[in-house]
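Reminder, nothing fancy here: chain letters follow the sequence lines and each chain counts from 1.
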2 protein chains.
Amino acid sequence: MTPVKPRWLNAEQQRIWRSFLNGVARINERLDAELRSFGLDLGEYEILVHLSEADRHMLRMSDLAERVRQSRSRLTHTISRMESKGLVSRVACPSDRRGVNAIMTEMGYQLLVKAAPSHVDSVRRALVDRVDPADFEALGRAMEAVVRDPD
Amino acid sequence: MTPVKPRWLNAEQQRIWRSFLNGVARINERLDAELRSFGLDLGEYEILVHLSEADRHMLRMSDLAERVRQSRSRLTHTISRMESKGLVSRVACPSDRRGVNAIMTEMGYQLLVKAAPSHVDSVRRALVDRVDPADFEALGRAMEAVVRDPD
DNA sequence: GACAGGTTGTTGAACCGTAAACTAAACTGA
DNA sequence: TCAGTTTAGTTTACGGTTCAACAACCTGTC
């Protein structure tokens, strides 16, 4: 007979869970507010980061979608907007005629270069510098466990 | 002379930061997927939770907005939708004629009672049970530091 | 007691994300 | 070879969020 009763969170676990929800919201608020002054949101910023790290600043749409955890549909929309802002452009993929490569423009690269120091500083002020280093490492292990394998 | 050079994240810090972004996204995905089967999203669920904990299952709109970290405008829209689903209703506030109280209906309460065990189970499977207990506590301290005081 | 300034909550438009349907191309195997 | 399936990316419609403007009310001060 399998247990039917739900295993509630105890008071401590519940407190931590709510802190997590609050903390995540707070961090996102701060990062978004700061990036807005560059006309970017976190999603667009991450796209620029991943393109900047890629060979020839270019990635297949589906590959990029996975890296930034956006649905393909969402990425299509986001890239279209960024394209009309001149930050990226689209190139047909030579090896697979279904494929499309997103490629960062010089203007996109320059914007990233300009925004990055301020963004990193936000990440520090919102999280990294606020937290005890040992706790920060533990947070890393925790999140790696969350992302790891099944389901 | 103040330092101008940005203090970049070192490799370890960057790895942890990216794990954090990935982990948070993963957790939200899982929770939303599960709540969808009750016709709720995380925002609506949290509204029900906070109302259920309040005296007479009732809270001022602005108070509720703060607790669930939604803008007032967003809460107005969300509550309107939930009202038309029969989960909450609105009552004028006697002491302040600008005020509006959101109050949970019996139907809203019953939905919460039905959804809660499954939701708690998701929280466990997505985070609590996946993480070493000591790391989980560290995560709590980290998030409390994020939420605490200035800015 | 009136007015300046802040607060509460709503509105409507613009914007962004989601979901499903769809086109085109590439595999797969019989 | 070719029917069936899978994959890539886009399109469309819809729903939710944000933003700015607004009306109604409260609060303190002169």
Side-chain angles (χ1 to χ4, degrees), chain A residues 24-25 28-37 39-47 50-51 58-85 87-103, chain B residues 21 24-26 28-48 50-51 58-85 87-103:
Chain A
V24 168
N28 280 330
E29 257 171 40
R30 288 172 177 146
L31 299 192
D32 267 337
E34 180 272 327
L35 282 173
R36 189 153 44 248
S37 64
L40 293 170
D41 63 23
L42 193 52
E44 295 171 320
Y45 181 85
E46 284 195 301
I47 288 173
H50 283 274
L51 288 177
M58 191 164 91
L59 283 172
R60 282 287 291 271
M61 290 293 282
S62 54
D63 187 357
L64 180 56
E66 211 169 315
R67 292 184 202 224
V68 299
R69 307 172 307 279
Q70 295 192 10
S71 69
R72 293 179 181 196
S73 174
R74 177 176 171 188
L75 187 64
T76 293
H77 291 303
T78 309
I79 289 290
S80 297
R81 262 176 282 138
M82 293 176 78
E83 201 174 14
S84 72
K85 289 198 251 175
L87 303 177
V88 299
S89 57
R90 281 185 236 241
V91 193
C93 175
S95 59
D96 183 340
R97 279 190 300 169
R98 294 167 305 181
V100 172
N101 283 309
I103 182 168
Chain B
L21 291 174
V24 168
R26 216 51 176 298
N28 279 330
E29 259 172 38
R30 287 170 176 147
L31 297 192
D32 266 337
E34 180 272 325
L35 281 173
R36 190 154 42 250
S37 65
F38 296 95
L40 293 170
D41 62 25
L42 192 52
E44 295 170 321
Y45 181 85
E46 283 195 300
I47 288 173
L48 292 179
H50 282 274
L51 288 176
M58 192 164 92
L59 284 173
R60 281 288 291 273
M61 290 293 281
S62 53
D63 187 357
L64 180 55
E66 212 169 313
R67 292 184 201 224
V68 300
R69 306 171 308 279
Q70 297 192 10
S71 69
R72 291 177 184 199
S73 174
R74 177 176 171 188
L75 186 64
T76 293
H77 290 302
T78 309
I79 290 290
S80 297
R81 262 175 280 135
M82 293 176 78
E83 201 174 13
S84 72
K85 287 199 251 176
L87 302 177
V88 300
S89 56
R90 279 185 236 241
V91 193
C93 175
S95 59
D96 183 340
R97 277 189 303 168
R98 294 168 304 180
V100 173
N101 283 310
I103 182 168

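- For A:Arg97, there are no side chain to side chain contact (heavy atoms under 4.5 Å, CB included) partners two or more places apart in sequence or in a different chain.
- Residue B:Arg72 is the one, among B:Arg72 and A:Asp96, whose nearest nucleotide of DNA chain C lies closer to the 5' end (criterion: closest heavy atom).
- Near DNA chain D, defined here as any heavy-atom distance below 4.0 Å, the residues from residues 75-85 of chain A are A:Thr76, A:His77, listed numerically.
- A side chain to side chain donor-acceptor pair (under 3.5 Å) check over residues 35-45 of chain B, counting only residues at least two apart or in different chains, returns the pairs B:Glu44-B:Lys85.
- With a 4.5 Å cut-off on side-chain heavy atoms, B:Arg30 and B:Glu34 do not count as touching.
- Put simply, the side chain of B:Thr76 does not reach to within 4.5 Å of the side chain of B:Val100, judged on heavy atoms.
- The shortest side-chain heavy-atom distance between A:Leu87 and A:Leu40 falls under the 4.5 Å cut-off.
- Between A:Ala65 and A:Leu75 the shortest heavy-atom distance is N-CD2, 3.6 Å.
- For DNA chain C, the residues of residues 59-67 of chain B within the heavy-atom distance limit of 4.0 Å (strictly under) are B:Arg60, B:Met61, B:Ser62, sorted by number.
- Counting 5' to 3', DNA chain D first comes under 4.0 angstrom of a heavy atom of chain B and last does so at the ends given by D:dG16 to D:dC26.
- In this structure, A:Arg74 reaches the bases: a heavy-atom distance under 4.0 Å links it to at least one base atom across the strands shown.
- Taking the nucleotide of DNA chain C with the nearest heavy atom to each of A:Glu44 and A:Arg97, the more 5' of the two is matched to A:Glu44.
- Taking 4.0 Å as the cutoff to heavy atoms of chain A, we find the contact window on DNA chain C bounded by C:dC16 to C:dA26.
- Note: B:Leu42 CG to B:Asn28 CG = 6.5 Å, rounded to the nearest 0.5 Å.
- A:Glu46 pairs by the salt bridge (charged side-chain N to carboxylate O under 4.0 Å, His left out) definition with A:Arg69, not counting sequence neighbours.
- A:Gln70 is linked by a side chain to side chain donor-acceptor pair (under 3.5 Å) to A:Thr78, counting only residues two or more places apart in sequence or in another chain.
- Residues passing the salt bridge (charged side-chain N to carboxylate O under 4.0 Å, His left out) test with B:Arg72: none are found, sequence neighbours excluded.
- By the side chain to side chain donor-acceptor pair (under 3.5 Å) test, B:Glu83 pairs with B:Arg90, sequence neighbours left out.
- Under the side chain to side chain donor-acceptor pair (under 3.5 Å) criterion, A:Asp32 pairs with no residue at all, not counting sequence neighbours.
- For B:Arg67, the side chain to side chain contact (heavy atoms under 4.5 Å, CB included) test picks out B:His50, B:Leu59, B:Asp63, with sequence neighbours left out.
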